[in-house]
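Below is one structure; the comments refer to it alone.
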Number of protein chains: 2
Amino acid sequence: MESSIEDVLIDLAELFKNFADSTRIKILYDLLDGEKNVTEICEDIDMTQSAVSHQLKILKTSKLVNSKREGKSVIYFLADDHVSSIIAMGKEHVEEDE
Amino acid sequence: MESSIEDVLIDLAELFKNFADSTRIKILYDLLDGEKNVTEICEDIDMTQSAVSHQLKILKTSKLVNSKREGKSVIYFLADDHVSSIIAMGKEHVEEDE
DNA sequence: TAAACATATGAACAAATGTTCATATGAATA
DNA sequence: TATTCATATGAACATTTGTTCATATGTTTA
């Protein structure tokens, strides 16, 4: 089943919404390092556990991250190679004009 | 003057906000075709003139589009090559899983 | 199994965002 | 220059969104 270009653009907007919040993009950027549990992420990006958990859920729902449980912890990791490409591309743009 | 990675990520979130709304991304996608005046854009994406104008202003402020006046019309065009790269990359991601 | 640790989640709240409506501004033309 | 066409903009409104706070759930260990 093929989607119209309009549908694709709407999905695209949805995708970019994930990168459009500084907490979420910090989480994604943090996970470029490799998989981490929630506590680590909180420390790295200096946000409360609750705020991070809420955002992780959004990222997971949109399939940009995935998770696995390891004992008491839950480990999150990037679900998709495109994430790093998209961040890299945006980063290039942002760093270009300073 | 060098910015911290945190600043870069905040700017990055700001950048992606522009792509995170379907009206704006439709405008940007529409302009991949080439420059167009406001009326054309409205017809192409089927949105009111006011809504489009408001969003064009946002896109212009964030320097993703530029404009020039030609008689009664104002012509808008993409200001940056990165725009197409970013859209293309996201499009690839979105179209991948269907 | 009770306590401690790690994560998830719901409700409430404030702030940000996008559209509409009405109208203003700017430019061409009758 | 009055009218028409094209675009911009402000105010109001509804919606969406992100954080905090309190608490629930799940897992290990004393």
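As the structure is a computational prediction, the values presented were derived from the model and not from experiment. A note on names: the letters A, B, ... follow the listed sequences, proteins ahead of strands, and every chain is numbered from 1.
Under a 3.5 Å cut-off, the side chain of B/Arg24 and the backbone N or O of B/Asn18 do form a donor-acceptor pair.
Two residues, A/Asp21 and A/Gly71, neighbour DNA chain D, and the one matched to the more 5' nucleotide by heavy-atom proximity is A/Asp21.
Partner of B/Ile27 under the side chain to side chain contact (heavy atoms under 4.5 Å, CB included) criterion, out of B/Asp44, B/Leu64, B/Asp21, B/Ile41: B/Ile41 alone.
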Between N or O atoms, less than 3.5 Å apart, protein on one side and nucleotides 7-12 of chain D on the other: list the pairs.
unit_1, atom_1, unit_2, atom_2, d
D/dT7, OP1, B/Val38, N, 3.2
D/dT7, OP1, B/Val74, N, 3.3
D/dT7, OP2, B/Thr39, N, 3.0
D/dT7, OP2, B/Thr39, OG1, 2.2
D/dA8, OP1, B/Tyr76, OH, 2.6
D/dA8, OP2, B/Ser53, OG, 2.9
D/dA8, N7, B/Gln49, NE2, 2.8
D/dA8, N6, B/Gln49, OE1, 3.2
D/dT9, OP2, B/Lys57, NZ, 3.4
D/dT9, O4, B/Ser50, OG, 2.8
D/dG10, O6, B/His54, NE2, 2.9

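Nucleotide D/dG18 holds its P atom 15 Å from the CD1 atom of B/Ile10, rounded to whole Å. Taking atom NZ of A/Lys17 as the reference point, atom P of D/dT15 lies 15 Å away to the nearest angstrom. For A/Ile41 and C/dT7, the CD1 to C1' distance is 11 Å, given to the nearest whole Å. In this entry the distance linking CD of B/Gln55 with P of C/dT20 reads 11 Å, nearest Å. Rounded to whole Å, atom C1' of C/dT7 lies 12 Å from atom NZ of A/Lys60. If you take CG of B/Asn18 and C1' of C/dA16, they are 14 Å apart, rounded to a whole angstrom. One can place NZ of B/Lys36 at 17 Å from P of D/dA6, the figure rounded to the nearest angstrom.
Contact annotation: B/Arg24 side-chain N/O to C/dT17 OP1/OP2 distance is not under 4.0 Å.
Going from atom CG of A/Asp11 over to atom CD of A/Glu6 covers 10.5 Å, rounded to the nearest 0.5 Å.
Applying the ring pair (Phe, Tyr, Trp, His ring centres under 6.0 Å) rule to pairs touching residues 18-72 of chain A yields A/Phe19-B/Phe16, sequence neighbours excluded.
Annotation: side chain of B/Asp30 is not in contact with side chain of B/Lys26 (no heavy-atom distance under 4.5 Å).
For A/Lys17, the side-chain contact (heavy atoms from CB on, under 4.5 Å) criterion is met by A/Glu14, B/Ala20, not counting sequence neighbours.
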